[in-house]
Number of protein chains: 2
Amino acid sequence: MGLSMVFKALGDDTRREILRLLARGDMTAGEIARAFSLSRPTISHHLNILKEAGLVADEKRGQFVVYSLNTTVFQDVTGWVFEMLSSLTGRDRHKGREELDNGK
Amino acid sequence: MGLSMVFKALGDDTRREILRLLARGDMTAGEIARAFSLSRPTISHHLNILKEAGLVADEKRGQFVVYSLNTTVFQDVTGWVFEMLSSLTGRDRHKGREELDNGK
DNA sequence: CGGACATTTCGAATGATATCAAATTAAGCT
DNA sequence: AGCTTAATTTGATATCATTCGAAATGTCCG
């Protein structure tokens with residue numbers, strides 16, 4: 001479960017919209033599919049990608065499959081961004097020719 | 001400048017590593033390319049994707065091109081994640097058969 | 001001007017992704 | 001058992017991504 005998979009999963013409008021729906025409450029695969037003008041196999045495929053990225057969990061309830069948001073991976077994302085931004089303290093600007101010449 | 005482009009740009013190990021390098025200080029395209037075992041055209045391509053996503057800026061300095069991190073787009077990412085997580089307050093769990101039957 | 005260097009653009013090969021229709025599995029219902 | 005509904009898997013196709021070598025662009029310097 002690398003970060004690449006997570007970001008790839010998030011790099012699609014449909015999948016981010018699915019996550020937005022799931023943030024409001026759990027839904028079955030059919031309910032999710034009905035919210036889009038895409039075929040059910042396509043939505044199933046997107047759900048699988050979100051699942052493999054660890055962004056959602058699925059639970060079988062009778063003939064339905066209920067999908068829910070998994071919030072822990074979101075923290076990995078913000079963690080990566082914060083780690084990135086924390087490296088920014090006291091960093092160099094690249095020196096230009098004049099700056100190099102007079103040792104500024 | 002959509003979020004999809006940003007997440008797609010982040011969904012690649014090489015590109016995230018480039019960002020990590022730039023977080024420590026600005027670098028020329030050649031310096032960046034030397035840090036990887038990939039051809040210069042390939043690195044140039046990755047830099048272009050990062051640039052189109054708004055994650056880096058480039059500035060021509062003589063025959064060099066200096067790349068730098070653009071931090072504002074990172075805030076868009078954390079903003080999206082926080083907005084997502086803020087929808088989580090008081091959301092429903094999907095009701096199962098028993099819960100539906102006895103009106104729990 | 002002409003050569004050396006830095007970087008990008010072009011063309012092509014290979015691999016990944018999105019999408020749908022049709023087939024498949026699984027559960028509920030009469 | 002047979003039929004319907006829910007969801008996924010499979011197969012096909014079209015589009016997009018990654019990568020490289022070769023060529024092109026632009027800049028510096030003697």
Side-chain angles (χ1 to χ4, degrees), chain A residues 2-19 21-22 26-53 55-68 94-101, chain B residues 2-19 21-22 26-53 55-68 94-101:
Chain A
L3 264 188
S4 275
M5 252 203 296
V6 175
F7 281 123
K8 273 179 195 158
L10 293 175
D12 180 281
D13 289 321
T14 301
R15 290 196 285 266
R16 283 202 310 286
E17 181 67 14
I18 290 175
L19 293 175
L21 290 175
L22 289 179
D26 301 351
M27 295 172 75
T28 67
E31 287 171 338
I32 295 168
R34 246 168 268 128
F36 296 89
S37 51
L38 293 171
S39 72
R40 259 174 297 192
T42 297
I43 296 295
S44 195
H45 173 240
H46 283 309
L47 286 169
N48 194 47
I49 286 175
L50 289 170
K51 179 174 147 194
E52 292 199 344
L55 286 160
V56 305
D58 62 343
E59 184 194 356
K60 190 148 197 179
R61 284 204 182 224
Q63 71 188 136
F64 300 92
V65 177
V66 178
Y67 281 88
S68 59
H94 203 85
K95 293 186 179 56
R97 167 60 49 205
E98 317 79 32
E99 292 168 278
L100 285 170
D101 283 349
Chain B
L3 263 187
S4 274
M5 254 203 294
V6 174
F7 282 122
K8 274 179 194 157
L10 293 175
D12 181 280
D13 289 321
T14 301
R15 291 196 285 265
R16 283 202 311 284
E17 182 66 14
I18 290 174
L19 294 176
L21 290 175
L22 290 179
D26 301 351
M27 294 172 77
T28 68
E31 288 172 337
I32 296 167
R34 244 168 270 128
F36 296 90
S37 52
L38 292 171
S39 71
R40 267 170 295 177
T42 298
I43 296 296
S44 193
H45 175 239
H46 283 309
L47 286 170
N48 194 46
I49 286 175
L50 290 170
K51 180 173 145 194
E52 291 198 343
L55 286 160
V56 306
D58 62 343
E59 183 193 356
K60 193 152 194 175
R61 286 206 180 219
Q63 69 189 135
F64 300 92
V65 176
V66 178
Y67 281 88
S68 60
H94 204 85
K95 291 184 180 57
R97 166 61 47 206
E98 319 80 32
E99 293 168 278
L100 286 170
D101 283 350

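Since this is a predicted model, take the numbers as computed values, not measurements. Throughout, protein chains are lettered first and strands after them, A, B, ... in sequence-line order, and every chain is numbered starting at 1.
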May I have the distance from [X] (atom [atom1]) to [N] (atom [atom2]), rounded to whole angstrom?
X: M27(A); N: dA7(D); atom1: CE; atom2: P; answer: 11 Å
X: R61(B); N: dC28(D); atom1: CZ; atom2: P; answer: 12 Å
X: F36(B); N: dT19(D); atom1: CZ; atom2: P; answer: 11 Å
X: N48(B); N: dT19(D); atom1: CG; atom2: C1'; answer: 15 Å
X: E31(A); N: dT5(D); atom1: CD; atom2: P; answer: 17 Å
X: R40(B); N: dC20(D); atom1: CZ; atom2: P; answer: 12 Å
X: E59(B); N: dA6(C); atom1: CD; atom2: C1'; answer: 16 Å
X: L47(A); N: dT9(D); atom1: CG; atom2: P; answer: 11 Å

Exercise for review: Hey, which sits more toward the 5' end of DNA chain C by its nearest nucleotide, F64(A) or L38(A)?
Suggested key: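 Upstream on the strand: L38(A).
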
Check your understanding: If each of D58(B) and T14(A) is mapped to the nucleotide of DNA chain C with the nearest heavy atom, which maps nearer the 5' terminus, i.e. the 5' end?
Key ->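 Comparing both residues, the 5'-ward one is D58(B).
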
Point to revise | Donor-acceptor contact below 3.5 Å, side chain R15(A) vs main chain A9(A) | key: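 Yes; judged by distance alone, with no hydrogens or angles, the pair exists.
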
Point to revise | Y67(B) vs D26(B) side-chain heavy atoms within contact, under 4.5 Å | key: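 Side-chain contact under 4.5 Å: no.
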
Review point. Could you run down nucleotides 10-17 of chain C 5' to 3' and tag each one B, S or - for protein heavy-atom contact under 4.0 Å?
Key: -------S

Per [X] side chain, nearest of listed nucleotides [options]:
X: Q63(A); options: dA7(D), dT7(C), dG28(C); value: dG28(C)
X: S44(B); options: dT27(D), dT19(C), dT9(C); value: dT9(C)
X: S39(A); options: dT19(D), dT8(C), dC20(C); value: dC20(C)
X: H46(B); options: dT8(D), dT27(D), dT19(D); value: dT19(D)
X: T42(A); options: dT19(D), dT27(D), dT19(C); value: dT19(C)

Review point. So among I32(A), I49(A), V56(A), which one has a side chain to side chain contact (heavy atoms under 4.5 Å, CB included) with I18(A)?
Key: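 Going through I32(A), I49(A), V56(A) one by one, the side chain to side chain contact (heavy atoms under 4.5 Å, CB included) with I18(A) is satisfied by I32(A) alone.
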
Point to revise | L50(B): which of L19(B), V6(B), L22(B), D58(B) passes side chain to side chain contact (heavy atoms under 4.5 Å, CB included) | key: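 The passing option is L19(B).
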
Exercise for review: Provide the closest heavy-atom pair for A33(B) versus I43(B) in the form atom of the first, atom of the second, distance.
Suggested key: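 Smallest interatomic distance, heavy atoms only, reads CA-CG1, 3.9 Å.
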
Exercise for review: Would you mind classifying the nucleic acid contact of Y67(B) as base, sugar-phosphate or nothing, using non-hydrogen atoms under 4.0 angstrom?
Suggested key: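 Since only primed, P, OP1 and OP2 atoms lie under 4.0 Å of Y67(B), the category is sugar-phosphate.
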
Review point. Roughly how far apart are K51(A) NZ and H46(A) NE2, rounded to 0.5 Å?
Key: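 K51(A) atom NZ to H46(A) atom NE2 measures 16.0 Å (nearest 0.5 Å).
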
Practice item. Could you check S4(B) against R16(A) for side-chain hydrogen bond (donor to acceptor under 3.5 Å, both in side chains), going step by step and ending with a plain yes or no? Key: CA-CA 9 Å; S4(B) 274; R16(A) 283 202 310 286; 3.0 Å; yes

